[in-house]
Peer 1: 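Pasting in a structure now, in structure tokens, and then I'll have a few things to ask.
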Amino acid sequence: MKQFSFHKKEKLKSRKLTDKLFAEGRSFTVFPIKVFYTFSDEALDFPVKTGVGVSGRNFKKATDRNRIKRLLREAFRIQKEELIQIAKSNHKYVGVFLLYLDKTLPEFNVLKTTMHKALQKLSTKIGEIPSANN
RNA sequence: CUACAAACCCGAACUAUCGCUUCAUGUUGAGCAUGAUGAGGAAAGUCCGGACAGUACAGAGCAACCUACCGGUUAACGGCCGGUUCCGAUUUAUCGGAAAGAAAGUGCCACAGAAAAUAACUACCACGCAAGUGGAAAAGGUGAAAAUGUGAGGUAAAAGCUCACAGUAGUUGAUGGUAACACAAUUACGGGUAAACCUUAGGUACUGUAAUGCCAUGUAUAGAACCCUUGGAGAGCUGCUCGCUCAAUUCCUGCAAAGGAAAGGGUUCAGGGUAGGCAGCAAGAUUGCAGCAGUAAUGCUGCAGCCAGAUAAAUGAUAGUAUUGGAACAGAAUCCGGCUUACGAGGUUUGUAGUUUU
RNA sequence: CGGGAGGUAGUUCAGCCCGGUAGAAUACCUGGUUUGGGACCAGGGGGUCGCAGGUUCGAAUCCUGUCCUCCCGA
């Protein structure tokens with residue numbers, strides 16, 4: 001499997017799963033990124049399924065929303081490998097949704113570092129959860 | 001050369017690494033590899049017009065809405081092209097706006113003014129001692145607007161009462177033009193407002209691709225109330241009226257009317273399931289070039305081409321080269337034809353005016 | 001994708017249909033009342049009527065375009 005790929009199967013697409021994520025999932029914020037996540041033992045077709053989003057209220061123009069979503073995906077794509085390995089080793093299936101909160105267009109390098117912090121935090125949470133699993 | 005006006009074009013290139021959509025080929029258990037492919041002139045606003053789909057599409061009247069100089073163009077249009085009349089901007093080129101009807105009827109026209117539409121305050125003329133009666137509408141002042149304007153004749157004083165010129169409207173024409181209109185003759189003289197109601201002429205069925213058709217999964221061939229089965233519940237045809245169309249049967253009792261049973265149908269209520277896939281959906285009122293017809297919009301013919309198709313939704317990141325030190329407005333979601341609005345650096349062509357040189 | 005409503009004083013709204021004076025409440029300012037404050041009484045200021053064109057003698061109001069805000073349906 002290619003290391004830096006980000007194709008359809010890795011994306012969070014199902015309406016059912018997305019609704020479940022927002023209804024039952026937890027979240028934390030590493031400004032300007034808010035991370036929603038759930039862990040599941042139920043088998044999915046890929047260990048980590050990810051979606052991105054921007055509020056249409058903060059960015060009225062579709063071009064701006066598209067640009068932010070592309071930058072979020074890019075930042076995630078480059079740094080996701082560690083998260084996938086941890087998820088595999090813990091035999092968990094993870095749903096993640098990344099929401100951009102700020103009202104100004106981001107610089108890619110800044111976004112990259114904050115994304116790194118966010119993914120590290122998520123990785124530690126995966127490590128904690130199985131012990132406290134019910 | 002400068003300024004201005006109009007029409008049109010373009011929409012930051014290349015290399016490397018990683019990565020994405022769709023398609024094709026190979027191989028395959030998932031998948032992987034290779035190759036091709038991938039946003040706009042406005043994709044936007046949603047202001048018009050269609051295509052397409054559904055509603056079981058005889059239709060008539062009313063209502064509602066839209067359009068409004070004339071001709072052409074088109075699948076269609078409120079768009080576009082050409083022309084007519086009037087108004088405005090500019091120095092010109094040129095550009096912008098308006099144009100069915102106020103002489104069918106109703107309403108409105110603040111303040112001021114005698115009067116805002118069947119005119120008569122001051123003033124004028126005649127009669128009368130006067131009060132007043134009659135005539136008449138030139139002059140005064142008010143107002144955005146005052147009974148068609150100017151000049152002459154005319155009269156007791158006046159007046160389109162008459163005449164000349166001008167204006168508006170109607171009628172007529174073997175006149176010119178397809179027509180708007182122009183021209184001529186003749187008749188009349190009537191305030192403005194239809195982006196007030198309205199009248200006239202022409203037109204419009206409604207709902208939208210999350211339409212619609214099908215497959216899979218799954219629940220419950222389930223439940224309650226009321227009604228109906230040709231004397232018809234209800235549905236459809238346009239919002240309303242008329243009218244029309246569609247719409248589900250057997251048994252038992254009874255002479256019949258009718259009643260009962262089963263089955264089926266309809267409306268409403270309460271509740272349950274799905275949250276996936278395929279088609280629609282990418283070859284078309286298509287794109288480019290050339291020729292022909294036409295003032296033009298546009299049409300016809302020939303040759304060549306295939307040019308996004310997603311569904312939490314594909315074009316990005318990093319580094320470098322070049323450049324005016326970094327780029328504008330901005331992202332397809334059923335598809336076309338327009339309109340409107342936003343916009344960077346420029347370029348091309350044509351025209352007008354000015355300056356210089358010859 | 002489709003449909004609807006609204007932009008007027010600092011704020012919340014009326015006026016628009018049927019065109020001629022922009023108004024109410026509250027807030028603000030001044031004075032009175034009170035020992036002082038609040039409440040109350042009297043007076044006052046404050047408006048490109050979202051923006052740009054047009055119709056009209058005259059436009060917040062009518063027409064057209066445009067910008068912004070909010071709501072609804074699937």
Side-chain angles (χ1 to χ4, degrees):
Chain A
M1 177 139 345
K2 291 166 72 174
Q3 192 178 355
F4 296 114
S5 69
F6 190 61
H7 48 81
K8 268 185 161 182
K9 294 220 166 182
E10 301 182 42
K11 293 178 187 172
L12 180 65
K13 289 162 95 77
S14 164
R15 194 192 195 91
K16 230 176 178 174
L17 282 174
T18 314
D19 289 346
K20 193 184 171 193
L21 191 152
F22 282 113
E24 302 173 10
R26 301 174 171 217
S27 68
F28 63 89
T29 304
V30 180
F31 193 82
I33 302 170
K34 185 167 189 178
V35 182
F36 293 87
Y37 62 95
T38 55
F39 306 114
S40 170
D41 298 321
E42 205 175 318
L44 302 172
D45 51 6
F46 199 81
V48 180
K49 285 176 89 73
T50 311
V52 296
V54 193
S55 167
R57 191 174 292 270
N58 291 341
F59 293 92
K60 205 167 167 49
K61 291 169 185 169
T63 38
D64 294 338
R65 290 199 299 273
N66 277 348
R67 170 146 188 90
I68 289 165
K69 279 149 79 173
R70 282 166 186 162
L71 292 177
L72 283 173
R73 274 197 291 266
E74 183 68 13
F76 177 79
R77 179 180 72 80
I78 292 172
Q79 305 177 83
K80 71 190 166 86
E81 192 53 34
E82 189 185 354
L83 181 68
I84 293 172
Q85 292 305 326
I86 291 172
K88 274 184 176 171
S89 62
N90 286 288
H91 301 290
K92 289 287 176 185
Y93 293 93
V94 186
V96 184
F97 195 88
L98 305 167
L99 194 67
Y100 186 77
L101 294 177
D102 205 355
K103 292 185 180 179
T104 53
L105 280 169
E107 286 283 319
F108 178 74
N109 284 324
V110 178
L111 200 64
K112 195 175 169 184
T113 52
T114 48
M115 179 65 77
H116 186 65
K117 289 180 197 167
L119 293 183
Q120 277 191 330
K121 192 166 178 180
L122 187 60
S123 301
T124 56
K125 283 188 183 290
I126 293 173
E128 291 167 7
I129 287 284
S131 57
N133 199 10
N134 47 1

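Not measured: the values here are computed from a predicted model. Below, chain A is the first sequence line, B the second, and so on; all start at residue 1.
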Peer 1: Taking atom P in both B:rC343 and B:rU15, compute the distance separating them and give it to the nearest angstrom.
Peer 2: 34 Å

Peer 1: Please determine whether side-chain contact (heavy atoms from CB on, under 4.5 Å) holds for the pair A:Phe28 and A:Tyr37, giving the CA-CA distance in whole Å, both sets of side-chain angles, and the decisive distance to 0.1 Å.
Peer 2: CA-CA 9 Å; A:Phe28 63 89; A:Tyr37 62 95; 3.6 Å; yes

Peer 1: Return the value, rounded to whole Å, for the distance between atom CZ of A:Phe36 and atom C1' of B:rA312.
Peer 2: 14 Å

Peer 1: Whole angstrom is fine here: how far is it from CZ in A:Phe97 over to C1' in B:rA313?
Peer 2: 12 Å

Peer 1: Let me check I have this right: for RNA chain C, each base becomes ., (, ), [, ] or |, based on Watson-Crick or G-U pairs with both distances under 3.5 Å. What is the full string?
Peer 2: (((((((..((((......[..)))).(((((.......))))).....(((((..]....)))))))))))).

Peer 1: Assign B:rG160 to syn or anti; the rule is syn for a glycosidic angle within 90° of 0 and anti otherwise.
Peer 2: syn

Peer 1: If the glycosidic angle sits within 90 degrees of zero it is syn, else anti. Tell me which applies to B:rG153.
Peer 2: anti

Peer 1: Decide, for B:rA39, between syn and anti: a glycosidic angle within 90° of 0 counts as syn, anything else as anti.
Peer 2: syn

Peer 1: Can B:rC307 be described as syn, meaning its chi torsion is within 90° of 0, or is it anti?
Peer 2: syn

Peer 1: Looking only at atom C1', what distance separates B:rC65 and B:rG45, rounded to whole Å?
Peer 2: 23 Å

Peer 1: Looking at A:Lys61, does any N or O in its side chain come under 4.0 Å of the phosphate oxygens OP1/OP2 on B:rA330?
Peer 2: yes

Peer 1: Would you indicate what A:Arg65 reaches in the nucleic acid, counting non-hydrogen atoms under 4.0 angstrom: base, sugar-phosphate, or nothing?
Peer 2: nothing

Peer 1: Could you check whether any side-chain heavy atom of A:Leu101 comes within less than 4.5 Å of a side-chain heavy atom of A:Thr29, counting everything from C-beta outward?
Peer 2: yes

Peer 1: Starting at CD1 of A:Ile68 and ending at P of B:rA314, how long is that distance when rounded to a whole Å?
Peer 2: 14 Å

Peer 1: In sequence, state the C-alpha distance, the side-chain angles, and the governing distance for A:His116 and A:Gln120, and then conclude on side-chain contact (heavy atoms from CB on, under 4.5 Å).
Peer 2: CA-CA 6 Å; A:His116 186 65; A:Gln120 277 191 330; 3.6 Å; yes

Peer 1: To the nearest angstrom, how far is A:Lys34 atom NZ from B:rA312 atom P?
Peer 2: 22 Å

Peer 1: Report the base-pairing partner of B:rA182 (Watson-Crick or G-U wobble, both distances below 3.5 angstrom), or none.
Peer 2: B:rU175

Peer 1: Are A:Lys80 and A:Glu10 within salt-bridge range, i.e. N to O under 4.0 Å?
Peer 2: yes

Peer 1: Side-chain N or O of A:Arg70 less than 4.0 angstrom from OP1 or OP2 on B:rA314?
Peer 2: no

Peer 1: Nearest-Å distance, CD (A:Glu10) to P (B:rA30)?
Peer 2: 18 Å

Peer 1: Can you tell which of B:rC20, B:rG316, B:rG331 lies closest to the side chain of A:Leu71?
Peer 2: B:rG316

Peer 1: Between B:rU148 and B:rG167, how far apart are the two C1' atoms, rounded to whole Å?
Peer 2: 7 Å

Peer 1: Under 4.0 angstrom, heavy atoms only, what part of the nucleic acid is A:Ile78 near: base, sugar-phosphate, or nothing?
Peer 2: nothing

Peer 1: Nearest-nucleotide wise, let me know which of A:Gly51 and A:Phe108 is further upstream toward the 5' end of RNA chain B.
Peer 2: A:Gly51

Peer 1: Expressed in whole Å, how much space separates the C1' atoms belonging to B:rU298 and B:rU74?
Peer 2: 8 Å

Peer 1: Rounding to a whole Å, what distance do you find between A:Leu72:CG and B:rA313:P?
Peer 2: 12 Å

Peer 1: Using the P atom on both, measure B:rU106 against C:rG2 and round to a whole Å.
Peer 2: 47 Å

Peer 1: I need the CG-P distance between A:Leu111 and B:rA317, as an integer number of Å.
Peer 2: 12 Å

Peer 1: Quick one, A:Arg70 with A:Val52, criterion side-chain contact (heavy atoms from CB on, under 4.5 Å). Give me CA distance, side-chain angles, the key distance, then yes/no.
Peer 2: CA-CA 9 Å; A:Arg70 282 166 186 162; A:Val52 296; over 6 Å; no

Peer 1: Are side-chain heavy atoms of A:Phe36 and A:Leu98 found at a separation under 4.5 Å?
Peer 2: no

Peer 1: Just so I know, are the side chains of A:Thr63 and A:Arg67 near enough to count as touching, which here means a heavy-atom distance under 4.5 Å?
Peer 2: no

Peer 1: Is there a donor and acceptor pair closer than 3.5 Å between the side chain of A:Arg73 and the base of B:rC20?
Peer 2: no

Peer 1: Find the distance A:Lys69:NZ to B:rA312:P and express it as a whole number of Å.
Peer 2: 10 Å

Peer 1: Give, for atom CD1 of A:Ile33 and atom CG of A:Leu99, the distance between the pair rounded to the nearest 0.5 Å.
Peer 2: 10.0 Å

Peer 1: Taking the P atom in each of B:rA310 and B:rC329, what is the distance between them to the nearest angstrom?
Peer 2: 31 Å

Peer 1: Can you figure out which of B:rG331, B:rG316, B:rA313 approaches the side chain of A:Lys11 most closely?
Peer 2: B:rA313

Peer 1: Report the base-pairing partner of B:rC198 (Watson-Crick or G-U wobble, both distances below 3.5 angstrom), or none.
Peer 2: B:rG101

Peer 1: I'd like the P distance from C:rG15 over to C:rG53, given in whole Å.
Peer 2: 28 Å

Peer 1: Check the phosphate of B:rG331 against A:Thr63, side-chain N and O only, distance under 4.0 Å to OP1 or OP2. Yes or no?
Peer 2: yes

Peer 1: Taking everything shown except A:Glu82 itself, do over 12 heavy atoms lie less than 6.0 Å from its CD?
Peer 2: no

Peer 1: Could you work out the separation of B:rG72 and B:rU178 based on their P atoms and round it to a whole Å?
Peer 2: 12 Å

